[in-house]
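What follows is a single structure, written as structure tokens, with notes after it.
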Amino acid sequence: MDFEFPERINRAVASLTMQIAQRAIELRAQGEDIVDFSVGEPDFPTPDNIKNAAIKAIELNLTKYTANTGILELRRAIADKLERDNGLSYSPDEIIVSNGAKQCVYNAIQALVGEGDDVLIPAPYYVSYPEMVKLAGGNPVFINTSIESGFKLTPELLESSLTPKTKMLILCNPSNPTGSVFHENELNALKETFRKGNYLILTDEIYEKIIYDGIGFLSVASLGEEIKKRTILVNGHSKAYSMTGWRIGYAAAEREIIKAMAKVQSHSTSNASTVSQYAALEALKGPQESVEIMRKEFEKRRDFLFEELNSIEGIFTSKPEGAFYVFPDVSYYLGKKFKDKIISDVFEFSLFLLNEARVVVVPGIAFGNQNCIRISFSTSMDRIAEGIKRIKNALELLV
């Protein structure tokens with residue numbers, strides 16, 4: 001039977017990261033030893049105190065529906081966190097808890113972006129941003145950044161991209177896929193351009209706690225009350241507390257914005273998992289040592305991987321300052337041959353590494369970049385070392 005789908009569905013494409021992750025699963029099922037650099041989730045277990053809080057919630061029969069926006073205790077704890085860590089004042093009714101930060105972003109775009117609205121997205125970008133905009137009927141407008149600038153948006157690039165149709169700007173800080181982090185002076189430089197329009201700013205800060213080299217984190221919403229009122233701040237528990245499968249994210253914004261996002265959520269999933277909410281409450285209120293332990297280990301892996309990649313002829317990468325990704329430029333190898341087959345683009349380059357080295361990376365085209373690949377270092381040091389060795393050996397086969 002032939003189906004006719006709405007144009008907004010036809011415009012959206014499936015996530016390439018999930019496609020490649022699925023291919024890795026298939027190869028593993030065939031008995032292949034795969035080094036997987038594709039998936040962005042910490043390899044650490046969820047801390048015991050958080051797991052125990054979930055067990056306790058189950059034992060106390062805290063397993064029923066909650067308020068659509070989340071339990072009040074958790075929203076209060078999030079408000080306390082935003083005050084303590086970011087100097088931001090939000091009331092619980094200016095916060096919504098969702099099934100992961102990704103749903104928060106989706107809710108915000110569905111609630112705020114209308115048919116034909118332009119949404120500015122610096123490239124490289126997280127794969128789902130433009131597809132979410134398309135699903136809302138909006139137009140993703142890409143702002144191309146460069147590896148020389150650390151893939152960061154500049155005031156000049158932003159100002160030249162603004163039009164009367166601009167409804168929203170989406171920022172990911174720290175960045176997936178590049179690992180770039182906006183320094184305080186860089187955000188302050190953007191502040192004046194932020195003030196030149198009435199567009200909304202959606203800031204995805206899910207990697208806030210994973211930052212290196214002593215760099216301080218500054219939220220976009222901290223740039224002043226005027227900008228805070230136009231900002232939708234998104235964060236969550238997946239990365240900082242290794243709680244990816246628990247599916248807890250949250251957003252903070254003006255009360256009317258949160259009401260609109262809650263309306264969208266009420267007709268899709270309703271509340272996030274009740275048990276996960278109680279675990280998330282413990283994550284915020286309990287010991288925080290595990291966060292720093294994980295961050296330090298990621299920093300060691302970052303340093304090792306950065307040095308190894310830059311020792312390979314033809315590969316260039318900027319040093320990531322946050323998250324757990326590097327985004328090296330591999331264009332030197334595009335156009336080279338393997339067994340009479342030309343490696344014409346980064347997707348074919350990624351397939352070459354999968355087929356010949358049994359290493360999974362994500363091609364930069366998934367993130368709006370034609371020259372780079374994303375390598376996640378959210379796996380053990382042993383696997384990182386093995387993967388780099390395989391990549392080096394495979395690249396020697398190209399002529």
Side-chain angles (χ1 to χ4, degrees), residues 39-88 90-92 95-104 174 176 204-212 214 216-217 219 233-252 269 271-302 322-324 376-381:
V39 179
E41 78 176 341
D43 60 325
F44 298 91
T46 303
D48 286 341
N49 64 303
I50 298 172
K51 292 187 286 188
N52 290 335
I55 293 169
K56 183 177 180 181
I58 293 170
E59 291 174 342
L60 293 174
N61 293 314
L62 299 173
T63 57
K64 306 298 184 182
Y65 293 132
T66 73
N68 176 48
T69 54
I71 59 174
L72 180 58
E73 303 98 307
L74 178 55
R75 286 181 285 128
R76 282 174 174 164
I78 292 167
D80 290 343
K81 179 268 173 213
L82 293 171
E83 178 74 45
R84 180 180 65 250
D85 293 353
N86 309 106
L88 294 167
Y90 290 98
S91 62
I95 293 167
I96 184 172
V97 177
S98 301
N99 295 277
K102 193 171 187 177
Q103 187 184 23
C104 292
N176 175 6
D204 184 344
E205 301 177 356
I206 190 67
Y207 294 95
E208 173 195 3
K209 296 294 185 180
I210 306 174
I211 294 184
Y212 314 120
F217 177 78
S219 173
L233 185 160
V234 173
N235 208 321
H237 287 56
S238 294
K239 315 301 181 180
Y241 299 102
S242 197
M243 292 177 67
T244 51
W246 298 77
R247 308 312 302 134
I248 293 291
Y250 57 85
T269 62
N271 63 272
S273 162
T274 302
V275 172
S276 293
Q277 288 189 61
Y278 283 99
L281 178 62
E282 170 61 23
L284 291 177
K285 300 190 76 169
Q288 300 297 304
E289 289 83 0
S290 63
V291 177
E292 180 62 7
I293 289 170
M294 286 190 284
R295 190 204 65 79
K296 285 181 176 178
E297 180 59 29
F298 285 136
E299 188 165 32
K300 290 178 186 175
R301 298 173 185 179
R302 185 277 310 253
F324 34 68
S376 169
F377 51 91
S378 61
T379 188
S380 71
M381 190 72 86

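Note: hydrogens, waters and symmetry copies are ignored here, and every other heavy atom, side chains too, is used.
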Less than 4.5 Å apart, any side-chain heavy atom of [X] and any of [Y]?
| X | Y | answer |
| --- | --- | --- |
| Glu282 | Asn52 | no |
| Arg75 | Tyr90 | no |
| Val234 | Ile206 | no |

Minimal non-hydrogen separation, [X] against [Y], with atom names:
| X | Y | answer |
| --- | --- | --- |
| Arg84 | Leu284 | NH2-O, 4.3 Å |
| Val97 | Ile78 | CG2-CD1, 3.8 Å |
| Pro174 | Phe217 | CD-CE1, 4.0 Å |
| Ser378 | Glu41 | OG-O, 3.1 Å |
| Asn49 | Gly286 | ND2-CA, 4.2 Å |
| Ile58 | Thr63 | CA-CG2, 4.2 Å |

Given 3.5 Å as the limit, does a donor-acceptor pair link the side chain of [X] with the main chain of [Y], or not?
| X | Y | value |
| --- | --- | --- |
| Thr274 | Lys64 | yes |
| Glu297 | Glu292 | no |
| Ser276 | Trp246 | yes |
| Ser376 | Val39 | yes |
| Arg302 | Phe324 | no |
| Tyr212 | Arg295 | no |
| His237 | Met243 | no |
| Gln277 | Ile71 | yes |
| Ser242 | Phe44 | yes |
| Arg247 | Ser273 | no |

Rounded to the nearest 0.5 Å, what's the gap from [atom1] on [X] to [atom2] on [Y]? Could you check?
| X | Y | atom1 | atom2 | answer |
| --- | --- | --- | --- | --- |
| Asn99 | Ile248 | CG | CD1 | 7.0 Å |
| Thr66 | Leu74 | OG1 | CG | 9.0 Å |
| Lys81 | Glu208 | NZ | CD | 3.5 Å |
| Ile50 | Leu281 | CD1 | CG | 10.5 Å |
| Gln103 | Thr269 | CD | OG1 | 3.5 Å |

Exercise for review: Starting from the C-alpha separation in whole Å, work towards a yes-or-no answer on side chain to side chain contact (heavy atoms under 4.5 Å, CB included) for Leu233 and Leu88.
Suggested key: CA-CA 11 Å; Leu233 185 160; Leu88 294 167; 3.6 Å; yes
Review point. Should Phe298 and Lys239 be marked as a side chain to side chain contact (heavy atoms under 4.5 Å, CB included) after you check the CA-CA gap, both sets of side-chain angles, and the distance that decides it?
Key: CA-CA 11 Å; Phe298 285 136; Lys239 315 301 181 180; over 6 Å; no
Practice item. Kindly indicate, with the supporting measurements, whether the criterion side chain to side chain contact (heavy atoms under 4.5 Å, CB included) is fulfilled by Asp80 and Lys285. Key: CA-CA 9 Å; Asp80 290 343; Lys285 300 190 76 169; over 6 Å; no
Practice item. Apply side chain to side chain contact (heavy atoms under 4.5 Å, CB included) to the pair Tyr241 and Thr46, showing each step before the final yes or no. Key: CA-CA 6 Å; Tyr241 299 102; Thr46 303; 5.9 Å; no
Review point. If we ignore angles and hydrogens, is there a donor and acceptor under 3.5 Å between the side chains of Glu205 and Asn86?
Key: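 No - no donor-acceptor pair under 3.5 Å links their side chains.
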